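Data first, discussion second: the structure below is written as structure tokens.
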Amino acid sequence: MNVLVFAENDNGKVAKASFEAATYGAKIAASSGGEASIITYGYLDAASLNGLASYGIPKILHCTDVSDLDPSQLTKLTIAAVEETNAELIVFPHDYTGKSIAPLVSAKMKAGMVAGAIDYPELSGDFTVKTNVFSGKAFAQVKIKTDKKIITLIPNAISKVKVDAAAETIAFSPDLGAPSVTVKEFKSEGGEGINLTEAELVVSAGRGLKGPENWGMIEELANELGAATACSRPVSDIGWRPHHEHVGQTGIAIRPNLYIAIGISGAIQHLAGVNGSKVIVVINTDKEAPFFKAADYGVVGDAFEVVPKMIEAVKAFKAGQA
Ligand SMILES: Cc1cc2nc3c(=O)[nH]c(=O)nc-3n(C[C@H](O)[C@H](O)[C@H](O)COP(=O)(O)OP(=O)(O)OC[C@H]3O[C@@H](n4cnc5c(N)ncnc54)[C@H](O)[C@@H]3O)c2cc1C
């Protein structure tokens, strides 16, 4: 099965989710006796291009004519790359661009699609793909019956794996027409630190922190660990933290390797966005807090005592490693 991987250009860089999609596509092509290719676009820094070449995909189609493509042009670019590579499967990262382009390609190509895959497809029998449903409370095995197939891959669902292989980058310039929309202004909400969706470690806090002035210790713990920061919805609703940190059913869904929840009760709507985390640590004064049922490790204690001790312990551990 020939596989095409869509690698998103995120301000001149390729983000981790696209490298994971490359690992995923390379493995499926190798297991099914097909060839894998990547389609990407715009100016990319050398580290990103070299990075793309190191995940076992031998061919990179690079549309360099443009930097910002609108969704209709990205759809045309992807379809042209599918035709060029004779791909049967197209893999997108389940990120902002992937979530917007994959359904457009699916509709244009009449390709069956699974949004939010969390594992490799079953290749020996039916082409079934595992995905989360009902806000992460259940799994579904979805069979794709069409010849052309599309998968969007949830960030952190699989690990990216570098291989010792070379890749050829080929200039690719299909006719994409004029854009139907253009971005007139781009305002960042902040969040220049670690991307929350891709973060492997997340330190998150809730209303138990009492006020925004107490987030210094949360940020310090996150900095020491190299983690992203997140929060519960009420905390962002009342303006203690920016909205892009809100995780849960109505916020961002994440799957880090470690999620540390501090002063968060563990309401079902919060759990919906974090219950795919591989290890959950909960710190809460109330031993009956629902979050403890979902926790791998729990500390019944006051955040204002426990978190400073954790910071000291992490610092001591790092000093010992130095
Ligand atoms: C339709 C809908 C969608 C929603 N979507 C989301 C969503 O996406 N994400 C989300 O988070 N919520 C969402 N909610 C809100 C959700 O139901 C909860 O109200 C919210 O998650 C609670 O936030 P919290 O845990 O920070 O606050 P609280 O429920 O007030 O819990 C605070 C916790 O802190 C503990 N605590 C207090 N002091 C300390 C201390 N000193 N040290 C340690 N622990 C302490 C308390 O014991 C308590 O467990 C949604 C609700 C609805 C109705």
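Every value quoted in this text rests on a predicted model; they were computed, and no experiment measured them. Start at 1 and go down the list; that is how both ligands and their atoms are numbered.
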Are the side chain of T169 and the backbone N or O of I60 linked by a donor-acceptor pair below 3.5 Å? no
Between ligand 1 and the protein, which N/O pairs are shorter than 3.5 Å?
unit_1, atom_1, unit_2, atom_2, d
ligand 1, 5 (N), T250, OG1, 2.8
ligand 1, 8 (O), H246, NE2, 3.0
ligand 1, 8 (O), Q249, N, 3.0
ligand 1, 8 (O), T250, N, 2.9
ligand 1, 8 (O), T250, OG1, 2.8
ligand 1, 9 (N), V247, O, 2.9
ligand 1, 11 (O), R233, N, 2.9
ligand 1, 11 (O), H270, ND1, 2.8
ligand 1, 17 (O), Q269, OE1, 2.8
ligand 1, 25 (O), S265, N, 2.7
ligand 1, 25 (O), S265, OG, 3.0
ligand 1, 26 (O), R207, N, 2.8
ligand 1, 26 (O), S232, OG, 2.6
ligand 1, 27 (O), R207, NE, 3.4
ligand 1, 29 (O), S265, OG, 3.0
ligand 1, 30 (O), R207, NE, 3.0
ligand 1, 30 (O), R207, NH2, 3.2
ligand 1, 34 (O), G263, O, 3.1
ligand 1, 38 (N), K210, NZ, 2.9
ligand 1, 41 (N), D302, OD1, 3.0
ligand 1, 42 (N), A303, N, 2.8
ligand 1, 44 (N), T285, N, 3.3
ligand 1, 47 (O), N284, OD1, 2.7
ligand 1, 49 (O), N284, ND2, 2.9

Sequence neighbours left out, what pairs pass side chain to side chain donor-acceptor pair (under 3.5 Å) with at least one residue falling in residues 219-233? E219-R241, E220-K315, E224-K318, T229-E245, R233-D237, R233-T250
T197, T131, T152 screened by side chain to side chain donor-acceptor pair (under 3.5 Å) with H94, the one that passes: T152
Between the side chain of N9 and the main-chain N/O of Y41, is any donor-acceptor distance below 3.5 Å? yes
Specify whether H270 and F291 have parallel, tilted or perpendicular ring planes, treating 30° as the upper limit for parallel and 60° as the lower limit for perpendicular. perpendicular
salt_bridge(E20, K16) N-O dist < 4.0 Å: yes
